[in-house]
Amino acid sequence: MCGIVGYVGGQQAAPLLLEGLGRLEHRGYDSAGLAVLSSGKGLKVTKLAGRVRALEAALPKRFGGKVGIGHTRWATHGPANDVNAHPHLDATGQVAVVHNGIIDNAAALRAELADEGVELVSDTDTEVVAHLVGRSDADTLEAKVSAALRRVEGTYGLAVLHAGFPDRIVVARNGSPLIIGVGDKEMHVASDLAALVRYTTTVVHLADGEMATLTATGYSTYREDLSATDRRADTLDIDPASYDAGEHESFMRKEMLEQPEAVERTIRGRLDERFGTSHLGGLDMDARDLRAVRRVKVLGCGSAYYVGQMGAQLIEELARVPADAEAASEFRYRNPIIEPDTLYVAVSQSGETVDTLLAVQEVRRKGGRCIGLVNVVGSAIARECDGGVYLHAGPEVAVASTKALTTMYVGFALLALQLGRVRDMSIADGKRLVAGLQRLPADLEEALALEDELVPVAERLARAESLFFVGRVCGFPVAREGAQKFKEVTYRHAEAYQTSELKHGPLALIDKTVPTVAIVPEDELADRNVGALHEIAARKGPLVVVTHPGVDLGDVADRTIRIDVPRNEPELDPILLTVPLQLLAYHAARHLERDIDKPRNLAKSVTVE
Ligand code: AGP
């Protein structure tokens, strides 16, 4: 959560930092701030509760300085107000710190500083770092920051300015990403590539426990004990335009529409038509290793967990290996039994979600094998896993995940194929699924073409304060994801239920004010599903049915707005059925004039427990 930017070079820092913060706002957007330094004039700081555009408006005319740091915040310690916004200063006003992560021993350090007579002005954990740096009597800024970090327990990506050292920024990383951008006689730093790519694609990913000094002429990296590391810069093959919304009115819409091309990238070079299987070199597992897998356990959070449920069902069905999914945020707190012949699969768009990262660490600490299905290359989860599959969905900026989830499902399909084809899955079935995956981008286009038809449906759903999303077996995680997307962007109460469970309780809530969105794939359960829809219709509950052309909805249809999606292989139903639910959520939110890309109280990546 939260975003960090920093700049040192020949240009005025503030405009560059504001531009970078604007690109990081999806990571946290309840407050923002900047600090700049100019030789002889000391530190200038402006910060406030609110968005980056409010910060820009509030900057004094004279806010000059060619060295600076900035932050956009998602509150963890203390409410979102001007004082708690970053940067935080030490008591002398010489030191400014921006920080992502959590200082676990902040309370103890605050008490200690207070005993020493330091007046702490904010409720944040970060402020202690500024005071510790300011109170260090070391000679260099590097040594001051190093001394401060020796006192700190927790996670951090942080950047420090000091008026006594006006040519540099010192940064440190431990559990919260920081990337240095190498420019021409200028250096940038950010917590996310999105803030760097407009200036440079030559970057240095800092490792945990590593620090760096940035000056206009270059960078140096070292460990927290100040011993040098030799971290080289890489030039990334990325298109800076992929980080812009372009002509789209929101990132969420852009990213929904990008699903076909994202899937093409996920499957590229990974399908084997001849043997009806997939090749996932990054797994680092040969046929014997794959055959030795007796169980699969998927770990993820939020929507990644729901797609994980879809993926576990797919693996169980295709590979006939018992598989299930669990919320990574709960997993390690129940002292899980880690089995040597279980394959653990961590699934995450950002690769930063701390609950998922901690679950991976728990698995590996106990000797389990964990692979990752991750979008962001080089992210913490990707690096922590034994191997894995990069999803190649491209950058996803909207807080509500769409294209990354679709590529996660495709990642599971590729994994299920490989696991299945070293077992009893026939070559014919393998080839059928390979062909289905090849058709998937075109079918996603068709599902997205339902958009115009869905707009009035979404606008009707937007009127309801409370909705149900229901499905059975493979339709249930689809319903969960549909409800999740709807609540994230509309702020309406949307609850997912198994269709079969309605009559065991929730039916009591159905009346003409409570619509139900029902997922009814064309499968052996379709008739039973339609039966349950009659129970809703009999209670005058408005119904939206997401289904296939072959399903006979009978007379329930006169109370139903029916949506046909194209038919691919049944194993790919879940992801195609999810697309109309994304569109419904999006257009309902648009009708309600919600801030679709930055829903209230949420952030793109959740790097705190
Ligand atoms: C998705 O729309 C949500 N914003 C959220 O549930 C997300 O999927 C979850 O926080 C996990 O994120 P990750 O994929 O980056 O790990």
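One is the number of the first residue; the rest follow in order along the sequence. Counting starts at 1 for both ligands and their atoms, following the listed order.
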> State, yes or no, whether a side-chain contact exists between Gln361 and Arg332 at a heavy-atom distance under 4.5 Å.
no

> So, are Glu396 and Lys254 salt-bridged, with charged N and O less than 4.0 Å apart?
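Answer for the salt bridge query: no.
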
> Counting neighbours of CD on Glu249 that are heavy atoms of other residues, nucleotides or ligands and sit closer than 6.0 Å, is the number greater than 12?
yes

> With a 4.0 angstrom cut-off on heavy atoms, strictly below it, pick out the residues next to ligand 1 and order them by chain and number.
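For ligand 1, the residues that come within the 4.0 Å heavy-atom cutoff are Cys301, Gly302, Ser303, Ala304, Ser348, Gln349, Ser350, Thr353, Val399, Ala400, Ser401, Met408, Gln484, Lys485, Glu488.
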
> State, to 0.1 Å, how close Ala479 and Phe469 come at their nearest heavy-atom pair, and which atoms those are.
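In this case the closest contact between Ala479 and Phe469 is O-CB, 3.4 Å.
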
> Which of parallel (below 30°), tilted (30 to 60°) and perpendicular (above 60°) describes His71 and His86?
parallel

> State, with a plain yes or no, whether a side-chain heavy atom of Val397 is found less than 4.5 Å away from one of Asp597.
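No, side chains not in contact.
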
